[in-house]
Every structure is written in structure tokens, then in C-alpha cells.
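Working notes, structure below.
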Number of protein chains: 2
Amino acid sequence: MSSKSKATIADVARAAGVSTATAGRVLGHYGYTSEEKKEQVLKAAQELGYRPNALARSLITGKTRTLGVVAGDIQNPFYASVIRGISNVADANGFGLLITNSDEIPAHEVHAVELLAQKQVDGLIVTPIDTRRARHLFSIKAMGMPLVLIDRAVGGLMVDRVATDNIAAAEQAVRHLIGEGHRRIGIVAELVDENFMTLDQFVSHAIAGDPIESETLYPSWQRLLGYIRAHRIGGLTVDPRLIMRAGSYSAQAAQDVVPPAMTSAHPPTALFTTDGTMSEGTMRALTMLKLSVPENLSLVCFDDLDWMSFLRPGITTVSQPRLAMGEAAARMLLERIRGEEYPSRTVLMPAELILRGSVSRV
Amino acid sequence: MSSKSKATIADVARAAGVSTATAGRVLGHYGYTSEEKKEQVLKAAQELGYRPNALARSLITGKTRTLGVVAGDIQNPFYASVIRGISNVADANGFGLLITNSDEIPAHEVHAVELLAQKQVDGLIVTPIDTRRARHLFSIKAMGMPLVLIDRAVGGLMVDRVATDNIAAAEQAVRHLIGEGHRRIGIVAELVDENFMTLDQFVSHAIAGDPIESETLYPSWQRLLGYIRAHRIGGLTVDPRLIMRAGSYSAQAAQDVVPPAMTSAHPPTALFTTDGTMSEGTMRALTMLKLSVPENLSLVCFDDLDWMSFLRPGITTVSQPRLAMGEAAARMLLERIRGEEYPSRTVLMPAELILRGSVSRV
DNA sequence: CTGATATGTGAGAACGTTCTCGCCCAAGAA
DNA sequence: TTCTTGGGCGAGAACGTTCTCACATATCAG
């Protein structure tokens with residue numbers, strides 16, 4: 001029956017009484033074969049339980065029909081959705097997915113990219129960690145392997161990219177708070193060190209309206225920029241004490257940084273959190289502090305997580321099209337794999353501010 | 001430099017002035033080579049930007065150092081964590097991960113398994129959908145490909161498996177509610193049709209204490225069994241009207257099935273939800289119904305999701321070791337891949353009841 | 001009839017590795 | 001001396017496919 005170990009094309013050919021070339025043609029669906037031999041071969045293949053060896057096929061065709069993905073952490077809902085989006089279009093096109101986690105550690109990313117390249121993936125989707133140093137990614141591009149970036153950009157690396165329009169989205173969110181009468185608005189953001197400017201320098205540049213190379217900025221810095229722009233537009237000054245910098249991508253860091261600001265002499269009347277992880281840490285802190293939303297404090301988050309819709313009173317948040325981002329990235333990658341030529345494209349996806357009950361008028 | 005397209009072992013050998021065999025030996029770390037030639041080869045490889053082709057290597061060794069995973073849906077926190085666990089041990093052992101979603105659709109699972117087998121993965125981790133018919137899985141086993149099942153079992157398929165001890169965990173959760181004085185306890189569960197017994201038959205068997213082949217039962221049915229056993233132990237009768245059967249794996253289905261029961265003549269004073277998806281749907285329903293937990297209704301969930309700890313008053317829930325389940329599965333799989341022989345093993349992981357604030361005494 | 005075009009077949013090369021073998025050399029044992 | 005042992009090296013087979021050819025035939029246009 002079909003259970004035995006492994007039958008090769010040669011075995012099938014022998015059983016069907018044809019050459020391996022002919023058997024290969026019918027099994028691989030290429031070239032010409034007569035109906036007669038086709039039936040013989042198919043019958044023999046069936047009986048022997050023949051299963052094509054994709055390795056051998058890929059070795060000679062140079063195509064693996066496999067996409068490589070380097071994400072931060074599958075457990076994070078953001079990445080989980082993005083990957084799901086990628087998976088949707090990969091599936092639909094008969095591509096497999098080789099997935100790795102970088103945990104936002106540059107060395108892990110380098111290692112993962114190397115592994116995927118050795119496994120000869122047809123293309124790579126990466127959420128790059130270091131927006132400045134990324135020799136491995138330049139090397140991938142130079143090798144001619146299609147590459148698409150998600151969420152972050154790499155300075156000088158001209159490849160397709162899809163991201164949320166972070167600045168506009170954050171600006172809209174904070175303007176909403178200002179519109180509701182809030183004047184002291186805190187922001188909870190990772191703001192990991194980018195080593196090119198201190199936070200103070202960055203803030204004063206932004207407040208002064210100096211031009212800032214925002215493309216290669218980390219998302220949390222872009223969202224901070226949107227926060228500052230909303231203040232400028234609203235004619236408000238930015239109080240640096242209201243910028244709660246977690247310094248790392250963890251809910252715990254956010255949870256730690258919120259209480260001091262909330263118990264200070266002039267606490268904010270509203271908070272803006274810059275991503276799902278910060279939102280979670282902030283919620284934990286607010287629960288510990290027994291602060292009620294929106295009675296004691298208004299809140300706008302970034303990224304629409306499951307619980308935001310049913311946790312009373314409902315969290316007003318910026319919704320990113322995570323699934324669509326993954327799908328768009330995969331589609332662009334497949335176009336490149338097919339050999340289509342374009343100048344490198346950047347797709348900035350709009351985010352939507354979803355109004356729920358976590359903001360009150362002051 | 002290291003950027004050019006693709007240098008092969010033959011290219012490196014030529015540049016280093018040695019045979020391909022010798023170059024292969026140093027680049028592949030096997031056999032003997034003199035320090036002198038080793039240096040020459042390494043230098044040449046460096047200059048040509050040589051990167052081993054894992055495909056060619058795998059074709060001849062018969063090993064790909066890649067694991068295949070067929071999960072329900074990466075976006076679901078349960079699967080996301082399990083996969084992350086698998087990824088942890090795969091990474092640590094230099095294995096890659098080929099991941100697919102079945103969306104709980106049998107045909108998808110069959111297709112995914114076939115794809116992964118063709119790609120010659122060294123082993124497979126599957127969350128089987130159909131616990132009765134699974135020819136493709138028997139075939140995988142017959143082929144000699146190592147296979148580990150997670151969360152569900154397949155009748156008659158003797159392979160390693162890791163799962164939560166669902167019956168015991170559910171029983172403990174419901175006994176807790178009974179201990180707090182609850183007498184009318186509702187259960188919200190998928191209970192997709194298993195076609196071997198109707199729900200009524202199943203319930204009456206369980207109430208009567210008749211022996212039930214529980215190994216190959218779906219998790220939601222196992223949890224229902226635990227619920228019934230807790231009633232038996234507590235000397236309570238089971239009211240069939242309190243069994244809210246969603247009938248499919250979606251939060252929407254749960255959300256739809258809860259309101260009728262809550263607005264009936266004799267509503268329950270407490271609810272037990274049998275997994276994360278049911279919990280989410282139930283929360284949505286409770287929010288719409290404006291029922292406060294634990295004032296108007298007590299609640300115990302299954303699976304500890306992020307929000308359960310910070311959503312006030314904190315949700316009492318059964319915590320499954322999802323990450324550890326994935327890690328255990330991957331470890332068992334690697335043992336099999338290494339050729340270790342055991343009779344097929346079943347690892348039932350204990351779950352922990354985490355007491356928070358969603359249960360009140362009546 | 002001549003040439004082109006499409007269908008059909010098999011022998012054997014190719015893909016980029018690892019593996020098997022035979023050969024050489026040096027050092028130590030008999 | 002002669003035999004063994006183990007390091008060191010290269011030629012060429014092998015893995016299981018697809019690809020390139022050469023060589024058929026049949027059909028159709030001119």
C-alpha cells in the first residue's frame with residue numbers, strides 16, 4: 001500500500017516500464033506524455049506510495065517554495081497576527097513558512113537570517129532590530145534574495161517595506177485627547193536607545209519643529225514624534241516629565257515606569273501608550289494603583305488587543321491592520337520572487353482610531 | 001567581498017588549490033585535514049562568501065534539521081505559546097521550524113502534513129483535528145517519520161503525546177465553585193460534534209458514572225466530564241440547560257450562546273468556560289448584558305490569558321503550562337529523531353487553579 | 001516533396017553536497 | 001625488514017529530482 005518508506009521516481013519508472021525521464025514528466029507535470037504512459041506511471045506511483053522529494057526538486061530548480069520569516073516573538077499578538085497574514089498568502093500560493101524568533105536580539109536576527117539563507121528560502125520577511133547596522137540584510141539583498149521589511153526600516157537599505165503610519169496615527173490619538181480637554185497627557189513608550197540623539201535632544205528638536213529623519217526611526221520614537229506634533233498643533237507645551245520611558249520591550253518595564261508619574265505632584269489626566277506591550281504593563285500598573293478609567297484617568301492605547309473591546313469601559317485605541325500588513329508584505333515578496341521589477345516600495349498602512357469608553361472630557 | 005551570488009564547494013576548492021573532497025571536509029567539519037589546507041580553504045571560503053547549501057547536504061544525509069508543526073491558528077494564544085515552546089528547544093538544538101495553520105479543518109491538516117513530508121522534515125508535531133479518522137497520520141508513522149501529538153489524541157495511533165490533564169483540572173475548577181456555595185453552575189464549551197454519542201447520551205453516561213473512553217475525547221468534552229464529576233462528588237445534579245454548547249471554535253459562538261441562559265427563569269450563579277476562546281466570547285456577552293463579575297455572577301475560566309490578571313477584579317482561572325507543553329513535545333520529538341526507542345509515551349501536564357477575584361461566596 | 005511545428009520518448013548530465021574508496025606517507029610494533 | 005595503524009588527500013559515486021539533448025513520429029503549410 002501507500003505506507004512503505006520511500007519510493008523514488010526511478011522505482012516508479014521501473015514498475016511502470018518507462019524511463020525515469022518519462023516518469024519524471026508525468027509526476028512533475030512538465031513536458032509531453034501520452035495518455036497511455038501517464039496512466040501507467042500514475043498507477044505505479046499510487047501503488048508504491050510515491051511522494052516527491054521536494055529537496056531534490058529544489059536543488060535542481062533553485063526554488064524551494066518556502067518563505068523565511070524573522071519576527072520578534074510569535075507570542076506577541078502583533079507578530080502573531082502579522083505572521084498569520086503572511087501565512088494566509090503563502091498558503092494560497094503553495095509556499096511553506098520557515099519561522100524564527102529574534103527576541104529583539106541583533107545576534108539572534110543575524111543567526112536566523114543565515115540559517116534561512118542556508119536553507120535556500122526563496123525570500124525573506126524581516127522585522128529588523130537595528131535600523132543602522134544590518135550588514136547581514138545588505139548581504140542578503142546583494143545576493144539577490146528578495147527581502148521585505150515589516151514595521152521598521154533600515155537606513156540606506158532599498159527594499160520593499162510595509163509599516164503603519166505611526167506618526168499620523170499617534171498624532172491623531174493625542175489630538176483626540178487634547179480635543180476632549182486634556183492638557184497634561186502622559187506617554188508610555190519603550191524608547192530603547194538609538195544612540196544617535198538623547199531623548200532630550202530628540203524632544204527639543206521635535207518641539208522646535210526641526211526636520212527629523214523619521215523613516216528609519218523606531219516605531220516608538222515615531223509615535224513619540226506624533227505625540228509631540230499633536231501638542232504643537234494644539235498649542236500645548238510638552239512636559240518632559242510626562243514622557244514615561246520604559247527602555248525595553250517588556251510589560252514589566254512599563255508597569256514600573258507608570259506609578260512614579262501618577263503619584264507625582266502634577267500627575268497627567270490622560271495616558272497614551274505606544275503599543276500592546278506598553279498597554280498591558282500600563283493596565284497592570286493602573287490596576288495596582290486602583291485608578292479607574294476613565295473616572296480618574298483617561299487612556300488611549302496603540303494596537304487593538306482582544307481585551308480592549310470587552311474590558312469595561314472599553315479602551316479607545318489606535319487599530320493597526322496587522323493581518324493586512326502581513327498579507328501585503330507576503331504579496332510584495334511573492335511579486336519579487338516572480339521576478340517583477342519595481343523601484344523599492346514603501347507601503348504605509350493607515351491606522352484607525354477606535355473610540356470606546358476610556359476617554360472622558362475634563 | 002562576501003556579497004556575490006553563490007560560491008560552491010567546488011569554487012572554494014579551486015580557489016584554495018585543493019580537491020572538492022578536501023574542501024568539503026573542512027567546510028563540513030568531517031574527516032581529517034591538515035592545519036595548512038584547512039587555513040587555505042577557510043580563507044578561500046571567506047573571500048568567496050561561501051555559504052553551504054543545506055538542500056544539497058540534506059539530500060545526501062537524509063536529515064534536514066527541520067521540524068514540521070501543524071497547529072490550529074498561530075493567532076490563538078494557546079497555539080502561539082505552544083509554538084514558542086517548540087521554537088525554544090528547536091533553536092537550542094539547531095533545528096528550523098516549518099509552521100502551518102490547519103484552522104481546525106481536516107482537509108487543511110492533511111494537506112499540511114503532506115507538504116511537510118515532501119519537504120522532508122525530520123519530525124512532525126501535530127494538533128490533530130479528527131480523533132477518529134487520521135489516515136495521513138498513521139501513514140506518517142508507518143513511514144517511520146517521528147510524530148508527536150499535542151493537546152488531542154488519535155484513537156489507536158501509538159505515538160508520543162503531550163496534553164493537559166483536562167478532566168482533573170476542570171473538576172478542580174468546578175469543585176472550587178461548589179465549595180464557595182454555588183449550586184447552579186453553567187458551563188460554556190465548544191463541544192463540536194464527535195458523532196459517536198449525542199450530548200444527552202454523553203451527559204447521562206457521565207452522570208451515571210459509566211466508564212467512558214476519555215483518552216481520545218476532545219479537550220472540551222474532557223472538561224465537560226470534569227464538570228460533571230465535580231457535580232457527582234459534590235452531590236449536585238447536573239441541569240442540562242446549564243450546558244451552553246457553542247458548537248464551534250469561535251468567540252462569536254460563545255457570545256451567542258450565553259445570553260439566553262443568563263436571561264432564563266433560573267439563571268446560573270456561576271459560569272465555567274472551557275478555553276480561551278470561550279472565555280473571550282463569554283466576557284463579551286457579559287459586557288453586553290451589563291453583568292458584573294463577581295457581584296452578579298461568578299466566573300472561572302480555563303487557560304490563563306494576559307488580560308485575566310489585570311482586568312478587574314481579576315479572573316480566577318485554570319492555568320495550563322502552554323510553553324512547557326510545546327517544549328516537552330519538541331524534546332520528545334528530538335529524542336525520537338536521535339533514534340531513541342521507547343514505547344509510546346503520554347505526558348499529562350498538571351494545570352494550576354489560579355485564584356483571583358471573579359468568584360464570590362453565595 | 002520540403003520544411004516547419006508539435007508531440008512523444010529515453011540517455012545522460014546537472015544541481016551541491018557527503019560518502020566510499022583507494023592511495024600515499026609516517027611512525028611504531030613485530 | 002615487514003606489517004599495522006592512522007592521518008591526509010583526491011577521484012568519483014551517490015542522493016532524487018529536472019533539464020538538455022538527440023531522435024523519433026505525425027501533421028500541416030507552401
Side-chain angles (χ1 to χ4, degrees), chain A residues 4-42 44-45 48-66 115 117-122 143-145, chain B residues 4-42 44-45 48-66 115 117-122 143-145:
Chain A
K4 273 291 141 45
S5 241
K6 42 193 88 169
T8 71
I9 277 196
D11 297 331
V12 174
R14 201 172 311 118
V18 301
S19 69
T20 62
T22 300
R25 271 187 283 262
V26 6
L27 263 12
H29 311 106
Y30 54 89
Y32 298 105
T33 20
S34 63
E35 274 307 314
E36 189 197 350
K37 305 232 168 188
K38 185 174 288 185
E39 278 175 28
Q40 293 174 31
V41 170
L42 255 19
L48 293 177
Y50 170 75
R51 170 149 38 211
N53 182 327
L55 252 45
R57 177 175 295 175
S58 295
L59 182 59
I60 192 164
T61 61
K63 271 94 181 53
T64 52
R65 291 192 85 78
T66 302
L115 177 81
Q118 290 192 6
K119 288 198 189 292
Q120 312 294 123
V121 294
D122 290 338
M143 259 181 50
M145 179 177 289
Chain B
K4 273 291 138 48
S5 242
K6 42 193 89 168
T8 73
I9 277 197
D11 297 331
V12 173
R14 202 172 309 118
V18 300
S19 70
T20 61
T22 300
R25 271 188 283 262
V26 8
L27 263 13
H29 311 106
Y30 55 91
Y32 297 108
T33 21
S34 63
E35 275 308 315
E36 189 196 351
K37 306 233 166 185
K38 186 175 285 185
E39 278 175 27
Q40 294 172 31
V41 170
L42 256 20
L48 294 177
Y50 170 74
R51 173 152 31 214
N53 182 327
L55 251 46
R57 177 175 295 173
S58 294
L59 182 58
I60 193 165
T61 61
K63 271 93 181 51
T64 52
R65 291 192 86 76
T66 302
L115 178 80
Q118 289 192 6
K119 289 197 190 290
Q120 312 293 125
V121 293
D122 291 337
M143 259 181 50
M145 179 177 290

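The sequence lines fix the lettering, A, B, ..., with proteins before strands; numbering per chain opens at 1. Owing to the predicted nature of the structure, the values given are computational and were not obtained by experimental measurement.
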Pairs under 3.5 Å (N/O, protein and nucleotides 21-27 of chain D):
none

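In this structure Arg25(B) satisfies the side chain to side chain contact (heavy atoms under 4.5 Å, CB included) test together with Ala21(B), Thr22(B), Tyr30(B), Thr33(B), sequence neighbours excluded. Applying the side-chain hydrogen bond (donor to acceptor under 3.5 Å, both in side chains) test to Glu39(A) and every residue at least two apart in sequence or in another chain returns nothing. For the side chain to side chain contact (heavy atoms under 4.5 Å, CB included) test, residues two or more places apart in sequence or in another chain that qualify with Thr64(B) are Leu55(A), Ser58(B), Thr66(B), Gln120(B), Asp122(B). A search for side chain to side chain contact (heavy atoms under 4.5 Å, CB included) contacts involving Leu42(A) returns Val26(A), Leu27(A), Lys38(A), not counting sequence neighbours.
Recorded end-axis angle for the helix from dC1(C)-dG30(D) to dA30(C)-dT1(D) stands at 40°, based on five pairs per end and rounded to 10 degrees.
For the segment residues 55-62 of chain B, residues with any heavy atom less than 4.0 angstrom from an atom of DNA chain D are, sorted by number, Leu59(B), Ile60(B). Contacts with DNA chain C (heavy atom under 4.0 Å) in residues 9-19 of chain A: Val18(A), Ser19(A), listed by number.
Residues Arg65(B) and Lys119(A) come closest through the heavy atom pair O-NZ, 3.3 Å.
Of the residues near DNA chain C, Thr20(A) and Ser34(A), the one whose nearest nucleotide (by heavy atom distance) lies more toward the 5' end is Ser34(A). Nearest-nucleotide assignment on DNA chain D puts the 5′-proximal partner with Ala23(B), out of Ala23(B) and Pro52(A).
Leu48(B) contributes atom CG, which lies 15.0 Å from atom NZ of Lys6(B) (distance to the nearest 0.5 angstrom).
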Exercise answer: donor-acceptor pairs, residues 7-16 of chain A side-chain atoms, under 3.5 Å, sequence neighbours excluded:
residue  : atom : partner  : partner atom : Å
Thr8(A)  : OG1  : Ala10(A) : N            : 3.2
Thr8(A)  : OG1  : Asp11(A) : N            : 3.3
Thr8(A)  : OG1  : Asp11(A) : OD2          : 3.4
Asp11(A) : OD1  : Arg14(A) : NH1          : 3.3
Asp11(A) : OD2  : Thr8(A)  : N            : 2.9

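Interface limits on DNA chain C: the 5'-most and 3'-most nucleotides within less than 4.0 Å of chain A heavy atoms are dT7(C) to dG16(C).
Taking atom NZ on Lys63(A) and atom C1' on dC19(D), their separation rounds to 15 Å, with Å as the unit.
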